[in-house]
Every structure is written in structure tokens, then in C-alpha cells.
Number of protein chains: 2
Amino acid sequence: MNIGQAAAASGVSAKMIRYYESIGLIPAADRTDAGYRTYASKDVHTLRFVRRARDLGFSVEEMAELVALWNDRDRASADVKAVALRHIADLDHKARELQAMSETLKHLAESCHGDDRPDCPIIDSLASAETFPAPKRAKTVAFFRRHPGSPIHPAQGRVR
Amino acid sequence: MNIGQAAAASGVSAKMIRYYESIGLIPAADRTDAGYRTYASKDVHTLRFVRRARDLGFSVEEMAELVALWNDRDRASADVKAVALRHIADLDHKARELQAMSETLKHLAESCHGDDRPDCPIIDSLASAETFPAPKRAKTVAFFRRHPGSPIHPAQGRVR
DNA sequence: GATGGGGCTTCCAATCATGGGAAGGTCAAG
DNA sequence: CTTGACCTTCCCATGATTGGAAGCCCCATC
């Protein structure tokens, strides 16, 4: 199986497969004499594992931990759980940050007439401050992920 | 006022002030003969506006829209509201994505013993698939932000 | 007046995960 | 043997932000 087929079979783009190999997340694939990477079902299995971890928002670093634990027969499920719980905390933390922003904006938007006149509490709030919710410059630890499969787009952003 | 003082007064780092100027989000500051940027209270006001918008998770592009609307006496509050509502939708969408991931993981973590034995439904789920929640490769539109002020860290990530 | 330290300047690099594209080699079908 | 689909590597861009280097500027103290 060439990389394209492995990509289709795993849901990880060929680009990302090469990238994951380059950073050591997955082992280097075997090569044909011509230099083409070849993949066996076992490799696709690993790629699927990675894709699913990615779909759950794990960072590459965390995925590396998970893959290592997966390959470790003597792992303690407590270790896996610890990685998961840490990530859950990150996800919840970020979700809360986003919700807080959303709610602040919703309150402001509610009292905005949304007509042809310029008066707008949203703009006023940005301009005035005071009532502004003190943003807790938390040490955001985790990161977001884009969407998995193929139709992806490079998303990004700060987490503030 | 030099850039350092403007930064302290606005909550936007000197680095970011220069960056915002370079991309045209804020107008180029006046300079002293020596080339130092100088800021008046009006400029700090603008910087504060930008910081607050950033704190609400607006992208630079959206902030540019907001600043333009702010400076437009003849704006229609409907335009401001539209920007806000669009952003609220983005925030809610992302928050939901994160929550979905979190909940999936929470379910798995609940049934994980978390002891010395290797058996772990979390790893099993990543390895097996099937029961895996089909990730909706949405066209995530918005982006996340890091934390504002100074003690920030370059966060990032995909949103998947 | 010289020296030192802190602030300022610009420019380049890194972050994180991903896609885009170029230049060139390979393979299988026609 | 040609064509087109696929593979290879390498570099670039994204978004917002920080870090750091090299060098200039300003003020205060000796």
C-alpha cells in the first residue's frame, strides 16, 4: 500500500503522515527500491489510532504519549487515564473561556438595537472598558485542533 | 509616551503594538527625531479598544472591522451587531466541539479503572474505532485566541 | 565628558498542525 | 514508449504571539 492509499484508509492526509513520520510520532515506513513508502494494515491501524486521538483534540505530544502507552503491554491504565483527564481539563477550560466570551457578547448584542442608528452598546463597551470582564490571562496549556479527515483547513488562533 | 508606556497603559505588549501597526490594524504612530514611536492618550484609547476586542476572541480581521465601525460616526449598529453575532456563532461552535470531545473522553475515562493493569477502554476505543463518534469535519471558521495581556504564551492549534 | 543600563529600533526565528505548490522521479495502463 | 496519476523532497504560508540578536538612543551618575 502506498501513502495515498494509507491516507484514504486511515483518514490522515498523506502530508500529515509524512509529517508525523518526520517528527517521530509514527515509525518510519518501509520503502520500495524507488523510495516509495509502503504501508501494511498494521501501519494503517496505527494511523487510525492517531487520527482518532487527533479527533479528540489531543496534541501531537499527547498522541505520542498515547501511542507509547498503546504499544506498552505493561502499561498501567492509570497512566492512560491521567493523560485523558489532563486533556479533559484542558478542553473544559478552553470551552469555558469560549463560553465566557460568547456570553459577554450575547449580553451586549441583546441590548444592541441593530438598526440604522450608530448607537451600539457593543462598540461602547469595547471603547469604554469599566464594566469589562477582567480577562484572566490564564496560562492556557492545551491547544485546539482543526477538523480531522481531509476537508481540513488550517485553523488557528490564540486562546487567550 | 513611548511604546513601553503605551503598552503598560493599554495592556497590549509593545511587540503586538508594533505588529498591529505593521499590518495596518492601527495607524502608524508618530515618531520622534530618533525614530521612537510616541503615543497620545487617544492612541492608548484605541489600543485598549483593540485589547478588549481581542479579549473577546475577535480575530485581527474582525478587530479591523470593529475599529472601522467605531471610527465611523455614520455606522449602523446593525453592522456591529452582525459582526458580534457571527463571532458568537463561531465561539459557540468551537465551544461545542470542545465539549463534544470532552464528553466523549469523560465517558471513556469513567469506565477506565485507572489502576496498575493495562486494560483501558480509552486506549481500546482509540485502537478499535467502531463506536467512535464520527467527527464532523466542519469548516471551522473562526479561531481561538491566546491570552491577552503580557503573560501570554503562543498557543495554537487546529480546531478540527 | 565618559560610561552604563534600560528602552527603543528592526529583523529573523519559533510556535502548532496543516495545506499548497514546485521540481522531478516512478509506475501502470494504453 | 507516452501519458497521467502518484510518489518524493523542499520550501512557503497560515494566525497571533513571543523571543532574541544587533545596534542606536537617552538619561543619570561618576
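Every chain is numbered from 1, with letters handed out A, B, ... down the list of sequences.
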Do B:Asp115 and A:Ser77 meet the criterion of a side-chain donor-acceptor pair at a distance under 3.5 Å?
yes

May I have the distance from B:Met1 (atom CE) to D:dC26 (atom P), rounded to whole angstrom?
19 Å

Selection from D:dT17, C:dC27, C:dT18 that lies nearest to any side-chain heavy atom of B:Met16:
D:dT17

Flag the pair A:Leu98 / B:Gln99 as yes when at least one side-chain heavy-atom distance between them is below 4.5 Å, and no otherwise.
no

Mind checking if A:Arg18 touches a base, just sugar-phosphate, or nothing, with heavy atoms under 4.0 Å?
base

The ring-ring contact (aromatic ring centres under 6.0 Å, His included) partners of A:His107 (sequence neighbours excluded) come to none

From the candidates C:dT26, C:dT10, D:dC25, the one with an atom nearest any side-chain atom of B:Arg31 is C:dT10

D:dC6 base to A:Tyr36 side chain: any donor-acceptor pair below 3.5 Å?
yes

May I have the distance from B:Asn2 (atom CG) to D:dC24 (atom P), rounded to whole angstrom?
19 Å

Using whole Å, what does the distance between atom P of nucleotide D:dT17 and atom CD of B:Glu21 come to?
16 Å

A:Arg86/A:Glu65 ion pair, N-O < 4.0 Å:
yes

Could you tell me how the ring of B:Trp70 sits relative to the ring of B:Phe49: parallel (under 30°), tilted (30 to 60°) or perpendicular (over 60°)?
parallel

Using nucleotides 20-23 of chain D, report all nitrogen or oxygen pairs with the protein that are shorter than 3.5 Å.
from	atom 1	to	atom 2	distance (Å)
D:dG20	O6	B:Lys15	NZ	2.3

How many whole angstroms separate atom CD1 of B:Ile17 from atom C1' of C:dT9?
14 Å

When rounded to whole Å, the CD to P distance for the pair A:Gln5 and C:dC27 reads 14 Å

Can you check whether A:Ser13 has a side-chain N or O nearer than 4.0 Å to OP1 or OP2 of C:dG19?
yes

Assign each of A:Gly4 and B:Tyr19 to its nearest nucleotide of DNA chain D by heavy atoms, then name whichever residue's nucleotide is nearer the 5' end.
A:Gly4

For B:Lys42 and B:Thr46, which I'm curious about, is there any donor-acceptor pair between the side chains at under 3.5 Å?
no

Take A:Asp33 and A:Ile23, find for each the nucleotide of DNA chain C with the closest heavy atom, and name the residue whose nucleotide sits nearer the 5' end.
A:Ile23

Using the side-chain heavy atoms of B:Arg37, tell me which of these nucleotides is nearest: C:dT10, C:dT18, C:dT26.
C:dT10

Short N-O contact, A:Asp55 and A:Arg48, less than 4.0 angstrom
no

Which whole-number value in Å describes the distance from A:Asp90 CG to C:dC16 P?
14 Å

